[in-house]
Engineer: 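This is the structure I have questions about; it appears just below.
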Amino acid sequence: FLMFLARWFYTETLIVWSENDTTELALSFQERAGCDEIWAKICQVQGKDPETTTITQEMDNEDNEEEEGRFEDIPDAAMPIDLPTCELSRLFEIREVIEGAMNSPIRRERLAVALQAENYIPQLIEIFHVCEDLENTEDLHMLFDIFKSIFLLNKNAIFEIMFTEDYIFEVLGILEYDPSLSEPAGHRQFIRDRAQFKECIPFTNPTLLDKIHQTYRVQYIQDIVSPTPSVFEDNMLSTLSSFIFLNKADIVSMLQEDEIFLTKLFQQLQDENLDIARRIDLACLLREFCNFSNTLQVQGRTSFLRSLANKRLFPTLEFLLAIDVEEIWSVAADILSFATDTNPSLVRDFMVQEATSHDEDALLVNIVIERVVNHPGCNAEGTLFGLLRTLIDPENMHRSLNRLERSEFLGFYYKYAMHRLTEPIILATHGTECLKYVSRTENSSLVASVLDVLSFAVEHHTYHVKNFILSKEILQKVLLLMNPRYSFLALNALKFFRKIVGLKDEFYNRYIIKFDLISFVIDAFVKNGLKHNMLNSAVLELLEFIKSEDIKTLIKYVCEKHITKLLTVEQCPTFKALRTKYEQQLERESTKKGETIAGPKTFDSSNRFRRDARDLDENEENYFNDEDPTDLNKPLYNSPLVVQNKVLDTKPPPNKVINSEKVMTTPLEKVIAPGEKVITSINSTMDKVITTPLDKVMNSSPLPALDKVISASSPLVDYADDSDEEDEPPLNKRQKVSSTVT
């Protein structure tokens with residue numbers, strides 16, 4: 001057919017052609033080389049030169065662009081599509097024109113303008129009445145195709161016409177005659193007869209009532225009647241969804257403004273004498289009302305929730321949750337979940353405030369926990385656990401200058417509610433054995449959900465959950481569930497334990513070691529054997545984490561108590577690596593211990609001041625032996641006093657500690673014999689040192705109080721070739737002593 005193409009277009013990676021006015025086809029290529037190859041073959045079949053054809057086509061494209069530019073100046077509404085006269089005999093022609101316009105966005109726009117301008121939809125509905133009276137099935141099928149195309153125009157103005165009270169049932173009737181069905185669908189019969197509108201509280205606003213009916217019918221068309229869009233048609237009916245969305249927002253706004261309606265609703269819900277069926281209907285009405293409010297923006301939803309809270313929403317929910325009818329308290333749980341998702345702080349404030357005036361059993365949070373604990377497997381279990389998790393999530397707690405919501409609410413929660421939530425764990429464990437309680441599926445699911453909330457608390461709470469777990473011995477009770485027979489619970493218990501180990505908190509680690517808690521995990525691993533299932537994998541991952549994160553206390557604990565038992569089950573590389581890690585750790589500790597016993601590195605002070613190039617020669621010694629009376633009169637504060645030619649016994653007596661203050665206050669004449677010389681001054685460059693006989697020093701100027709003695713480990717001079725890490729040895733009788741005084 002390539003020889004008879006009417007129009008074609010060629011670019012670098014695209015070949016486009018049209019066979020008629022309504023059909024366009026294209027070939028797309030990833031690379032230009034492939035496009036050029038196919039284009040050359042097409043031109044060969046057509047008997048044309050690819051190069052000249054491309055140039056000619058480019059010129060034609062420029063002409064077409066100029067022509068399109070001229071038409072762009074003309075509004076689309078100025079050139080509407082000419083629709084055939086709306087008559088029964090011309091239905092086939094009408095269908096061809098409407099379906100042909102669907103292939104081009106511009107033509108679709110013009111078709112929508114034409115349908116509105118010529119009031120075409122009411123005329124088509126009149127033809128429908130005639131065809132249905134005549135039972136003309138073929139024409140009814142054509143009407144179905146026509147209206148299906150009109151729906152796909154996705155125009156809000158056309159929907160406004162079709163969904164009015166005068167035409168919506170006729171539109172439903174046309175959509176009953178789907179050619180793919182063997183007999184018509186009963187959409188109108190379902191809407192009129194089977195779908196019942198329950199007006200629990202009479203609406204005084206007729207506009208509101210019409211809007212509710214319209215929204216339900218359009219929702220029915222979208223969910224039941226309209227065809228399921230394909231992957232390429234996800235947005236084909238986006239305007240229809242927007243139409244429903246805006247209707248729901250209008251309904252919420254009108255109901256929120258109706259004070260009489262809201263007052264009657266909450267009064268009747270709290271009426272103790274109301275029958276159960278009536279209460280269920282009212283609760284469902286409130287839930288539907290809240291669901292509709294999801295169409296509002298965040299600020300609108302928050303304002304809506306506050307208006308309901310002012311009408312005593314939370315006391316009403318508290319009352320409904322306490323009623324022992326699952327259908328009622330399940331609906332109340334949905335409403336409370338909506339409130340928690342919308343504004344959790346508002347719910348927390350109510351819970352904390354009522355703690356001052358209500359008994360513990362009557363608190364809203366405890367009523368929620370009681371429902372989920374005492375009714376395992378109920379329909380609302382997931383909803384209730386979800387709202388509890390949202391309430392204790394610190395990420396959505398606000399902090400202000402006046403109050404700290406996190407500390408306030410968590411203190412309330414752990415004081416009044418947390419011990420009630422963990423009751424299923426207590427029931428599931430007794431002594432050291434797992435009871436038959438967990439053999440029931442619903443109970444196992446309940447315990448797993450409780451463990452999930454506890455794991456969340458361990459990860460996000462620190463002080464409160466740590467005190468709770470240790471004081472209530474929760475970790476021991478959870479690890480009692482490590483029974484391979486109940487692998488589902490064992491995995492959840494191990495997940496909780498892994499969450500605690502993952503914190504790398506030494507407080508938790510010492511607690512685990514003290515009570516030998518990892519033995520539950522090891523025993524479960526040994527009992528499980530070589531099954532290589534999820535339980536074994538989870539235990540291996542736990543030990544691998546301890547090894548890779550180098551948690552020394554747990555590595556030592558596991559290797560000293562349990563490594564032999566693990567290696568008897570399987571020679572796993574993880575176990576071997578764990579033992580190697582432990583041996584390396586022991587080796588490092590023994591090395592450090594040996595260094596401690598041997599003492600610090602010794603340093604010979606006599607060698608530090610050994611004779612070398614830096615020592616004084618004879619002339620310099622004579623120079624320094626001369627007395628300088630001016631220097632003797634200078635105070636010795638801030639100058640080092642070095643005692644020469646005197647050996648002191650600084651070794652303390654056994655089992656006694658030297659009192660540095662007593663040593664410092666010893667008179668100098670008792671330490672140094674008369675006639676010996678002392679260095680009375682020394683400058684920083686070591687180019688001048690003054691020595692003076694002791695008796696002259698003692699007589700010339702009073703010595704300051706020796707208030708501080710720096711040990712010989714602090715050198716007078718720091719040489720370049722000396723190591724800063726060297727430690728000096730304790731002094732003995734055979735060594736010269738240097739004392740520095742400030």
Side-chain angles (χ1 to χ4, degrees), residues 429 432-434 451 454-455 458-459 462 466 469-470 473-599:
T429 56
T432 58
E433 295 182 357
C434 188
L451 287 175
L454 275 176
S455 300
V458 165
E459 186 177 3
T462 53
K466 184 183 295 184
I469 289 174
L470 302 186
E473 297 182 349
I474 296 297
L475 187 54
Q476 290 95 315
K477 294 179 173 62
V478 169
L479 290 176
L480 287 174
L481 300 172
M482 289 292 302
N483 190 336
R485 180 180 176 184
Y486 307 106
S487 58
F488 172 69
L489 276 182
L491 285 170
N492 281 276
L494 185 57
K495 177 183 177 183
F496 176 69
F497 183 70
R498 170 66 173 79
K499 189 73 68 173
I500 289 178
V501 173
L503 296 176
K504 296 187 285 188
D505 188 333
E506 281 301 313
F507 194 87
Y508 278 125
N509 294 343
R510 290 194 298 270
Y511 183 79
I512 292 170
I513 296 170
K514 179 179 179 180
F515 294 98
D516 193 18
L517 297 184
I518 208 169
S519 61
F520 294 97
V521 179
I522 304 300
D523 292 343
F525 180 82
V526 173
K527 289 180 182 178
N528 198 39
L530 299 175
K531 295 182 180 179
H532 293 178
N533 53 15
M534 290 184 65
L535 181 59
N536 276 16
S537 298
V539 173
L540 291 175
E541 191 278 333
L542 171 66
L543 297 175
E544 182 68 27
F545 174 80
I546 293 173
K547 177 188 71 69
S548 61
E549 294 297 325
D550 197 17
I551 306 176
K552 295 181 174 58
T553 53
L554 293 183
I555 291 175
K556 181 178 179 182
Y557 159 61
V558 171
C559 289
E560 289 182 351
K561 287 198 171 185
H562 302 288
I563 194 65
T564 305
K565 188 185 296 184
L566 288 171
L567 290 173
T568 57
V569 179
E570 183 180 3
Q571 295 292 326
C572 179
T574 299
F575 304 154
K576 296 179 181 179
L578 195 65
R579 186 170 60 181
T580 303
K581 195 90 170 179
Y582 172 64
E583 292 172 352
Q584 293 173 353
Q585 183 176 330
L586 284 180
E587 185 178 351
R588 287 194 298 268
E589 290 179 355
S590 62
T591 303
K592 290 182 180 179
K593 187 176 180 180
E595 292 177 355
T596 304
I597 295 174

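Numbers here simply count residues along the sequence, with the first being 1.
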Engineer: Before giving the answer on side-chain contact (heavy atoms from CB on, under 4.5 Å), spell out for F496 and L475 the whole-Å C-alpha distance, their side-chain angles and the decisive distance to 0.1 Å.
Structural biologist: CA-CA 9 Å; F496 176 69; L475 187 54; 3.8 Å; yes
Engineer: Report the distance from atom CG of L489 to atom NZ of K495, rounding to the nearest 0.5 Å.
Structural biologist: 13.0 Å
Engineer: If you measure from CG on L554 to CD1 on I513, what distance do you get to the nearest 0.5 Å?
Structural biologist: 5.0 Å
Engineer: What's the separation between atom CZ in R579 and atom OG1 in T574, rounded to the nearest 0.5 Å?
Structural biologist: 13.0 Å
Engineer: Would a 4.5 Å heavy-atom cut-off, applied to side chains only, mark T591 and R588 as touching?
Structural biologist: no
Engineer: Using only atom types and a distance under 3.5 Å, with no angle test, would you say the side chain of D516 pairs donor to acceptor with the backbone of I512?
Structural biologist: no
Engineer: To the closest 0.5 Å, what do you measure between CD (Q585) and OG1 (T553)?
Structural biologist: 8.5 Å
Engineer: Donor-acceptor pair, D523 side chain versus V526 backbone, under 3.5 Å?
Structural biologist: no
Engineer: Would you check, one step at a time, whether the test side-chain contact (heavy atoms from CB on, under 4.5 Å) holds for Y582 with V558?
Structural biologist: CA-CA 9 Å; Y582 172 64; V558 171; over 6 Å; no
Engineer: Using side-chain heavy atoms (C-beta onward) and a distance below 4.5 Å, is E541 in contact with R498?
Structural biologist: yes
Engineer: Determine whether F497 and M482 make a side-chain contact, defined as any pair of heavy atoms from C-beta on separated by less than 4.5 Å.
Structural biologist: no
Engineer: Would you say the side chain of L481 lies within less than 4.5 Å of the side chain of N492, judging by non-hydrogen atoms?
Structural biologist: no
Engineer: Assess the pair F515 and Y511: is the distance between their ring centroids shorter than 6.0 Å?
Structural biologist: yes
Engineer: Any chance NZ of K565 has more than 12 other-residue heavy atoms, nucleotides or ligands included, within less than 6.0 Å?
Structural biologist: yes
Engineer: Strictly by ring pair (Phe, Tyr, Trp, His ring centres under 6.0 Å), give each pair with a member in residues 560-579 just once, sequence neighbours left out.
Structural biologist: F525-F575, Y557-H562
Engineer: Taking atom CG of N536 and atom OG of S487, what is their separation to the nearest 0.5 Å?
Structural biologist: 11.5 Å
Engineer: Among K499, K466, R510, find the residue that satisfies the salt bridge (charged side-chain N to carboxylate O under 4.0 Å, His left out) test when tested with D505.
Structural biologist: K466
Engineer: Side-chain contact, heavy-atom cut-off 4.5 Å: L543 with L566?
Structural biologist: yes
Engineer: Any side-chain heavy-atom pair from F507 and L470 closer than 4.5 angstrom?
Structural biologist: yes
Engineer: What's the verdict on side-chain contact (heavy atoms from CB on, under 4.5 Å) for V501 and Y508, showing C-alpha distance, side-chain angles and the deciding distance?
Structural biologist: CA-CA 8 Å; V501 173; Y508 278 125; over 6 Å; no
Engineer: For A524 versus P484, what's the shortest heavy-atom pair and its separation?
Structural biologist: O-CG, 3.6 Å
Engineer: State, with a plain yes or no, whether a side-chain heavy atom of I551 is found less than 4.5 Å away from one of F545.
Structural biologist: yes
Engineer: Applying salt bridge (charged side-chain N to carboxylate O under 4.0 Å, His left out), name anything that partners K581, two or more places apart in sequence or on another chain.
Structural biologist: none
Engineer: If I compare all heavy atoms of A493 with all of V478, which pair ends up nearest, and what's the gap?
Structural biologist: CB-O, 3.4 Å
Engineer: With rounding to the nearest 0.5 angstrom, report the OG to CG distance, S537 to L542.
Structural biologist: 12.5 Å
